[in-house]
Each structure stands twice: as C-alpha cells, then as structure tokens.
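One structure is given below, encoded as structure tokens.
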Amino acid sequence: MIIGIIILSVIYVILYQNIIGGCLLASLFVLVLISWWNVRRKTSKLKIEVSLDRKAASRKEEIHLKGILAGIRCLDAAECEVTYQVRYWLMGRKKVIKERFEYSGKESEGFLIPLKFDHCDEVHITVAKIKMRDMTGLFWADKFVKAKAGVLIMPDAYPLGRMSDQSVEAKTLDPYEYDGLKEYRPGDKGSRIHWKLLAGKNLLMVKDTEEEREEKLFIFLSLPERGEAYDDFFTVFFSVSKFFLEQGMPQTIYWGTKEYYLERYQQYEELFGEMFASDFGGNFENREYEGIHIYMRETEPDLIYVETESETNTVDRSGLEQGIFDLELF
C-alpha cells in the first residue's frame with residue numbers, strides 16, 4: 001500500500017512537477033482501492049437468513065419478507081440491493097425483483113420488504129443475490145446466495161346467497177319422514193342427500209337407511225390449462241366447499257389422481273397446499289358417486305361450470321361474486 005502511494009506520487013511529480021498534488025492524487029487512488037477491497041471482503045463473509053411473517057395469507061393481503069444479515073459489521077450504514085425470485089408453483093410463473101435498502105451495519109439486522117400477491121398459489125421466494133456499495137459509491141460487490149421462504153396464498157370465498165336462503169327455509173319446515181326419507185338435520189351424512197327430490201321440491205332431504213355410508217359429499221375438480229383462470233376457479237370451489245362445510249357436511253374432494261377428506265375449516269390450508277403442488281389432470285365423466293363437479297371448457301374460457309346430478313350452473317368470470325351468489329345446486 002505504501003509502495004503504491006510512492007509509485008503514484010513519483011509518476012505525478014514527474015508529469016506535473018508538483019509533489020503535494022502527487023501525494024494527494026496517490027492517496028485518493030489508494031483510498032478508492034482500499035474501499036473496493038474492503039467491500040469485497042465484507043460481502044464474501046456475508047450470510048443471510050430470510051423468513052416471512054406468516055405461512056398463509058389471502059390475496060392482496062400484505063406480508064413481509066424479512067432478511068437478517070450476519071457475518072459482517074460496518075461502521076457506517078451501507079447501501080445494499082437484494083435480488084429475489086417469486087415463483088407461483090401451480091401456475092408456473094416466475095418474476096425477478098430487485099429492492100434497495102439501507103443496512104445499518106449492526107449484526108442481526110437487514111431488510112424488511114412488504115409483499116402482496118395477486119394470485120392464489122403456493123409461492124416460493126428465493127433470495128439469489130445481495131449487493132453492497134462501497135463507501136466511495138463507485139463500486140458494488142456481489143454475494144450470490146440461495147435463501148428460501150414460502151407462503152400459501154389462499155383463494156377468495158363469496159357467499160352462496162340463494163343456497164343459504166334455501167337452507168334456512170328447509171330447516172324451518174316441520175320434520176317428517178316418508179318412503180325412507182327424512183328432513184336433513186345437522187350431523188346427517190352429506191352423501192345421503194336425495195338430490196332429485198331437492199331439485200324438484202327444493203327440500204333438503206336425506207335417505208333414512210339403517211346402515212350409514214362413511215363417505216360424505218363428493219366434489220370433483222377439473223382444472224383447465226389456463227393460468228389466468230386459476231384464481232376464479234379456486235374461488236368458486238372454495239365458496240361452494242365452505243358453504244357445505246358450514247352446513248355440517250364433510251366432503252371428499254377429488255382432483256387429478258388425488259383425494260382429500262375435509263371435515264374442519266382448519267384443514268383448508270393443508271388442502272390447498274396439496275392442490276397447488278399437484279397435477280390436476282383427471283376425467284370424472286364416469287365417476288362412481290353423485291356429487292358436485294366443478295370444471296371449465298376449452299371453448300368457453302369465461303365460464304366456470306358447477307354441475308350436480310340435477311343442476312348445471314354457469315358462473316361468468318366477469319361477474320364472479322354475483323354468479324356465486326346465484327348458484328342453485330339443489
């Protein structure tokens with residue numbers, strides 16, 4: 001370092017015949033060199049841990065990506081830049097984002113980035129690179145990392161208004177039994193619903209058999225290969241499933257080659273976590289059990305079908321909330 005100052009000073013003196021100027025210029029070059037070397041040394045020792053402040057969230061809900069830097073200390077605050085990738089697992093979409101932040105230089109501090117997600121999916125976040133600027137502001141030093149965090153983004157759910165009204169009306173009728181049927185009561189098996197009678201007379205009745213089947217309500221999902229429709233498709237499913245669960249009807253849900261038994265609201269996070277990580281290829285045209293089939297057609301990308309044995313409803317994606325409100329599944 002001293003040799004460098006001497007050499008630069010001699011060169012400057014020879015060219016400009018100015019000893020003081022030569023020493024100052026040489027010192028400036030050395031200062032820049034020291035700053036460049038120092039920031040590279042610090043970033044090479046840098047370690048990072050990242051986390052999210054929650055494991056699940058709804059669409060548009062703000063969550064925070066927190067990064068803790070370790071392994072280095074700075075006397076002064078340093079300007080940094082973090083590069084991270086956001087990947088929607090089911091949709092297969094990726095985007096790379098860069099954010100700048102001020103690092104205080106203290107151990108166990110770092111950055112806090114607010115995030116909002118537009119799509120329901122299992123979202124994987126990978127911090128790929130940290131950059132730190134040297135004290136002169138002339139150089140950046142990079143540290144490539146691979147720190148990961150994940151969050152489950154849940155779909156929206158809207159009320160089934162017409163169905164709720166029918167359910168309230170059915171529960172106010174006088175109980176009666178005939179021909180092996182009885183009025184539905186909380187706790188009755190969802191799979192014993194008499195769909196044709198409900199469709200014809202608008203009454204919620206169940207088959208009164210001595211041997212109750214273990215299976216509950218069946219919901220079949222056929223997801224289209226249309227990434228832009230995923231949010232609406234899952235919103236329709238979540239709204240329908242949530243309505244029946246609130247009526248005390250557990251469900252067996254089928255998609256692709258998978259199935260899931262749902263009986264508590266707290267299971268939805270696990271259910272959607274499995275769904276978003278699965279293949280939805282499946283054909284339920286020859287399904288064994290009666291139930292609800294939610295699907296889309298390639299020729300009608302703006303419509304989502306909700307089909308039972310007796311009813312076929314269409315929900316227009318342009319009026320999703322109203323379409324779900326108007327569903328009639330009985």
Using side-chain heavy atoms (C-beta onward) and a distance below 4.5 Å, is [X] in contact with [Y]?
| X | Y | result |
| --- | --- | --- |
| Arg41 | Trp37 | yes |
| Val50 | Phe111 | yes |
| Gln251 | Leu245 | yes |
| Ile48 | Ile130 | yes |
| Phe218 | Ile292 | no |
| Thr126 | Lys146 | yes |
| Lys94 | Tyr88 | no |

Path from [X] to [Y] over hydrophobic side-chain contacts below 4.5 Å:
| X | Y | answer |
| --- | --- | --- |
| Met91 | Val151 | yes |
| Leu223 | Leu320 | yes |
| Val86 | Ile63 | yes |

Any sub-3.5 Å donor-acceptor pair from [X]'s side-chain atoms to [Y]'s backbone N or O?
| X | Y | answer |
| --- | --- | --- |
| Arg297 | Ile304 | no |
| Asn313 | Leu327 | no |
| Asp142 | Lys131 | no |
| Asp302 | Asp316 | no |
| Ser241 | Phe237 | no |
| Lys143 | Leu46 | yes |
| Asn38 | Lys42 | no |
| Gln267 | Arg264 | yes |
| Thr235 | Pro155 | no |
| Thr136 | Leu138 | yes |

Heavy-atom count check: over 12 atoms from other residues, nucleotides or ligands less than 6.0 Å from Arg40 CZ?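 No, CZ of Arg40 has 12 or fewer neighbouring heavy atoms, counting only those of other groups under 6.0 Å.
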Is Lys66 atom NZ crowded by more than 12 heavy atoms from other residues, nucleotides or ligands, each under 6.0 Å away?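 Incorrect, the count does not exceed 12.
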Ring centres under 6.0 Å, that's the criterion: do Phe234 and Phe276 meet it?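 Yes, close enough.
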Got a second to check how far Leu329's CG is from Leu160's CG, nearest 0.5 Å?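 Going from CG on Leu329 over to CG on Leu160, the span is 6.5 Å.
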Roughly how far apart are Arg93 CZ and Asp118 CG, rounded to 0.5 Å?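 Answer rounded to 0.5 Å: 10.0 Å.
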If you look at every heavy atom in Trp89 and Ala277, which pair is closest and at what distance?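 Scanning both residues completely, I find the closest heavy atoms to be CD1-CA, 3.8 Å.
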Once ring-ring contact (aromatic ring centres under 6.0 Å, His included) is applied, do any residues pair with Phe238, and if so which ones, sequence neighbours excluded?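 Here the qualifying residues are Tyr268, Phe272.
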Under 4.5 Å side-chain linkage, directly or through intermediates, the cluster mates of Tyr305: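 Tyr295, Leu303, which link up through side-chain heavy atoms under 4.5 Å apart, make up the rest of the cluster.
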Could you go through the side-chain hydrogen bond (donor to acceptor under 3.5 Å, both in side chains) check for Glu311 and Thr308 one step at a time? CA-CA 5 Å; Glu311 296 284 344; Thr308 66; over 6 Å; no
Taking NZ, NE, NH1 and NH2 as the nitrogens, is one of them in Glu79 or Arg100 under 4.0 Å from a carboxylate oxygen of the other?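 Judged by the 4.0 Å cut-off on N to carboxylate O distance, Glu79 and Arg100 do form a salt bridge.
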